[in-house]
Amino acid sequence: MLMQPEITPNAYTPPQRRLLGPGPSDISTRVLQALAKPTIGYLDPSFVGMMEELKSLLRYAFQTRNALTFPVSGPGSAGMEMCFVNLVNHGDKVIVCRNGVFGGRMVENVERCGGVPVIIDDTWGTPVDPQKVRDAFRLHPDAKVLAFVHAETSTGALSDADTLCRIAREHGALTIVDAVTSLGGVPVLVDQWQADATYSGSQKCLSCTPGLSPITFSERAVEVVKARNQKSQSWFLDLNLLLGYWGETTRTYHHTAPTNSLYALHESLLVLQQEGLENAWSRHRSNHQALKAGLAEMGIEFVVTEDARLPQLNSIHIPGGVDDKQVRATLLQQHGIEIGAGLGALAGKIWRIGLMGYSSRVENVIACLTAMETVLGSHGVRAEKGAAVAAAYRAYAEQSVGR
Ligand SMILES: *Cc1c(COP(=O)(O)O)cnc(C)c1O
């Protein structure tokens with residue numbers, strides 16, 4: 001007798017949810033259907049043609065002409081790691097800006113590559129302070145790389161990537177930019193910034209399935225990678241080996257590309273291109289404004305000041321006396337709404353309401369405010385019934401007048 005599973009397995013049907021957390025975001029039927037198309041070989045000429053289109057769509061999303069622009073077969077964390085293992089050699093000094101969880105992961109990456117991190121800390125919930133970066137370069141003129149997170153998903157703060165990249169360039173350093181949460185939600189202008197290595201994730205404002213990391217490298221970065229005299233510590237993420245598959249000329253086996261996920265990414269990027277980047281950015285702003293107006297009716301305050309606030313990631317203070325876990329559980333179980341908890345030092349103190357990509361829709365804003373009013377009402381937060389939704393509709397109306 002063969003061993004049998006100790007449970008009685010059933011086909012899995014996930015519940016319907018509104019994904020209003022820090023990712024994954026809601027996925028449109030259009031993108032989900034792309035996943036179900038027939039799998040073909042990753043060297044099939046038809047697949048190669050689709051990938052050329054995908055790369056071109058990625059260049060549009062990143063606003064770059066960088067030849068080396070492609071999706072890493074792995075989540076955003078793999079894109080992050082690919083930047084570090086290729087651009088950081090043993091002993092290299094790397095200035096890392098840390099104003100949240102993901103900046104902390106960058107420090108980890110530098111250390112594991114044998115680099116020497118120079119850490120610049122900023123208060124969680126505030127953007128990276130460019131003056132501190134200038135000071136760090138003055139103290140460490142030999143720093144090879146500046147690494148920072150454009151949109152800190154753990155806090156909801158947006159940093160000034162243009163200025164930070166300029167400072168690095170003035171000191172002859174390369175830049176590693178985390179654009180996981182920013183791409184598709186707020187402007188990411190790789191060529192204008194002259195950023196050297198920029199990575200993102202499929203499941204945030206691109207609203208594709210998790211597990212892919214769009215990435216783009218400048219010519220300058222590619223030269224540095226080609227000139228390495230030490231092998232990168234990672235075989236899988238070694239750009240020098242991957243160039244054989246993603247390079248312009250030959251295509252040879254490196255690893256089996258996740259074909260169906262790549263169809264889905266292609267579709268989600270096509271959705272973005274058809275909407276247009278500027279329209280996508282203004283849709284994110286518009287839904288954020290409406291959510292903000294509704295939350296204000298419940299006396300809820302934002303963690304980040306208005307000038308650095310991400311429209312796609314609304315981090316808010318949990319009202320006093322309210323049980324964090326219980327509220328999130330009720331929102332999920334009774335209203336089908338997932339919102340994000342606080343991470344690290346902000347755990348238990350904040351919520352993170354994501355309005356990313358396909359999740360950034362009027363019906364989600366209204367559903368979220370309606371549910372929060374009910375649930376928070378039962379936790380003693382006093383608010384006039386229906387006032388939050390009414391305020392959201394007023395905010396939408398004001399915006400359409402403004403246009
Ligand atoms: C989500 C996220 C990541 C990691 O992406 P995964 O796909 O979860 O590996 C990295 N950086 C930022 C800013 C993120 O929001």
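Atoms within each ligand, like the ligands themselves, are counted from 1 in listed order. Since the structure is predicted, the reported quantities are computational estimates derived from the model, not experimental observations.
Among the candidates Y42, F70, W235, the single residue satisfying the ring-ring contact (aromatic ring centres under 6.0 Å, His included) test with H254 is W235.
Taking the six-membered ring for Trp and the full ring otherwise, the centers of H288 and F302 sit less than 6.0 Å from each other.
For the atom pair C97 SG and L164 CG, the distance stands at 6.0 Å (nearest 0.5 Å).
Between K132 and D121 there is no salt bridge, since none of the side-chain N atoms of the basic residue sits less than 4.0 Å from a carboxylate O of the acidic one. Salt-bridge formation is not detected for the pair R18/E338: no Lys NZ or Arg NE/NH1/NH2 atom is positioned less than 4.0 Å from an Asp or Glu carboxylate oxygen.
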| request: Show your reasoning for whether side-chain contact (heavy atoms from CB on, under 4.5 Å) applies to M50 and H266. | output: CA-CA 8 Å; M50 188 281 293; H266 178 278; 3.7 Å; yes

Go ahead and list the nitrogen or oxygen contacts between ligand 1 and the protein that come in under 3.5 Å, distances to 0.1 Å, or just say none.
unit_1	atom_1	unit_2	atom_2	d
ligand 1	7 (O)	G76	N	2.8
ligand 1	7 (O)	Q203	NE2	2.7
ligand 1	9 (O)	G76	N	3.3
ligand 1	9 (O)	S77	N	2.7
ligand 1	9 (O)	S77	OG	2.5
ligand 1	11 (N)	D178	OD2	2.6
ligand 1	15 (O)	T153	OG1	2.3
ligand 1	15 (O)	T181	OG1	3.1
ligand 1	15 (O)	K204	NZ	2.7

